[in-house]
Amino acid sequence: MYNDRITPFEAIVSLGEAFSKYRKSVKISQQHLHQKTGISIFTISQFENGKGQGLSLSHFLLLMDAVGLDISLSELIPIASTLDPEKIWKSQNKKGDRK
């Protein structure tokens, strides 16, 4: 299915390793991340060691912000910046004006 491309699992492992290296380079401890984000040290450690496949997108974004990496949704998914949430919502709801 993935041929020569990196698999999602490999991508998560690489992302966690890169995050760990960056966190250490800016001298931020896992304890500090926990205090700043509320994410458990166990979860942070699992992510950094490639075992955090269950890390939510919201936790990922919190961690990026906590180490000073400003990542927007449009950077993660370029097409997202062109989407109109209101139009999407209306197209999924028959009445369209229901709130």
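Note: Leu55 CG to Leu62 CG = 9.5 Å, rounded to the nearest 0.5 Å. Remark: Ser29 OG to His34 NE2 distance equals 10.5 Å, nearest 0.5 Å. In this structure, CD1 on Ile44 lies 12.0 Å from CG on Asn49, to the nearest 0.5 angstrom. Taken from NE2 in His32 to NZ in Lys27, the straight-line distance is 14.5 Å, to the nearest 0.5 Å. Here Ser40 contributes atom OG and Gln46 contributes atom CD; the two are 8.5 Å apart, rounded to the nearest 0.5 Å.
Side-chain contact check for Phe47 versus Phe60: some heavy-atom pair is nearer than 4.5 Å. Residues Leu63 and Leu33 meet the side-chain proximity criterion, which asks for heavy atoms closer than 4.5 Å.
Shown are Lys21, Lys24, Gln30; of these, the side-chain hydrogen bond (donor to acceptor under 3.5 Å, both in side chains) with Glu48 is made only by Gln30.
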Only pairs under 3.5 Å count here: list side-chain donor-acceptor contacts from residues 8-18, not counting sequence neighbours, and write none if there are none.
unit_1	atom_1	unit_2	atom_2	d
Glu10	OE1	Thr7	N	2.9
Glu10	OE1	Thr7	OG1	3.3
Ser14	OG	Glu10	O	3.1

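Hydrophobic clustering (ILVMFWY, side-chain heavy atoms < 4.5 Å, transitive): Ile28 and Ile41 are in distinct clusters.
In this structure, the side chain of Ser25 engages the main chain of Tyr22 through a donor-acceptor pair within 3.5 Å.
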